[in-house]
Amino acid sequence: MSGRIEALRRTADVVHVFGHRGARGVYAENTMTGFQYAIDIGLDAIEVDVLASRDGVAVLTHNPRLWRDITRDMRGDWLVKDGPLVRNLSFHGLQSYDVGGIRPGSAYAALFPEQTGMPGLRIPSLADLCDLIAPLPEFWLNIEIKSFAADPLATASPEELTAMTLRPLREFGLEERTVVQSFDWRVLRAFRVAAPQVARSYLTQIRHGREPVGANIFPNSPWLDGLALSPADGALPQAVADLGGQVWCPYFGDVTEQDVTRAHDLGLLVNVWTVNEVPDFHRMVDIGVDGIITDYPVRAQQVLAGRGLRWRHDAPMPSVAPH
Ligand code: MG
């Protein structure tokens with residue numbers, strides 16, 4: 001067990017809030033502007049997505065291809081279709097794209113109507129983010145490694161992604177306040193081998209019938225590194241514990257109070273993704289989760305403050321940053 005991860009465990013008056021992709025509801029996802037905002041409103045953790053460039057730089061972006069709905073070219077024109085694979089572009093080449101907003105009129109834009117577009121933002125490297133948070137001794141990175149077990153050539157291999165991610169974490173001395181997570185549990189095995197001191201978080205999403213798309217828990221799933229796993233009877237937290245993980249990170253709609261209790265009995269932390277609506281924040285607090293990943297961290301702070309709770313141990317009691 002990685003000792004420092006206990007700093008993220010829920011206490012009587014603290015439930016941790018992780019800004020999802022920085023703070024996607026407010027600023028462009030996976031950008032330095034969003035990360036700085038998360039720091040400014042007093043969070044102690046953010047979630048970001050990591051892929052690797054052709055020249056081995058860990059970069060912060062979600063989709064394996066440059067996604068047309070959030071990407072403009074160097075002239076400022078929206079991509080007409082999804083662009084190249086991130087893995088096929090150099091870091092320098094990636095810097096010629098603008099990821100400072102969402103294509104107006106797209107379905108994605110309708111999901112985040114409050115997001116402030118800021119043209120000119122670039123895809124950051126993980127090292128850029130490490131440089132930002134290294135001076136903040138209580139701040140945590142929750143790094144999601146994007147690897148697609150069902151489409152393994154879309155990214156570098158789990159071992160390569162692990163090595164490229166570890167390089168800046170080691171350079172900036174952040175291994176002890178990083179949680180690495182993935183839906184592709186092959187990545188977590190690679191991390192366990194290469195850096196057992198880095199806390200690991202096992203992402204799950206249960207397929208309920210045909211929905212939701214993106215599930216990794218279903219019969220014969222390629223995402224589970226060869227494990228045969230059904231969600232019944234507490235099998236998910238048990239599997240995380242058996243694999244030596246520290247955190248179970250289920251989709252919030254999948255998880256019950258019984259699941260959280262089971263995970264806690266196994267010594268795990270439970271963080272849930274991605275919670276954005278007020279009633280859902282309340283339910284997650286009620287069932288006892290340790291951390292909430294959200295696109296709207298101020299909304300989460302307001303819910304917590306309304307219940308006499310805080311989002312970090314040294315936060316003023318209770319106070320909500322203006323937005
Ligand atoms: Mg993510």
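Only this structure's heavy atoms are used, side chains among them; waters, hydrogens and symmetry mates stay out. Not measured: the values here are computed from a predicted model. Order of appearance sets the numbers: ligands from 1, and atoms from 1 within every ligand.
Under a 4.0 Å N-O distance rule, the pair Asp49/Arg21 qualifies as a salt bridge.
In this structure, Arg207 is positioned above the aromatic face of Phe218, its NZ or CZ under 6.0 Å from the six-membered ring centre and within 45° of the axis.
Around atom NE2 of His92, no more than 12 heavy atoms belonging to other residues, nucleotides or ligands sit under 6.0 Å away.
Inspection of the Asp55 and Ser53 side chains reveals an N or O donor paired with an N or O acceptor under 3.5 Å.
No other N/O/S atom of Glu47 lies as close to the Mg ion (ligand 1) as OE2 does. The atom of Glu144 nearest to the Mg ion (ligand 1) is OE1, with the search restricted to N, O or S atoms. Atom OD1 is the N/O/S atom of Asp49 found closest to the Mg ion (ligand 1).
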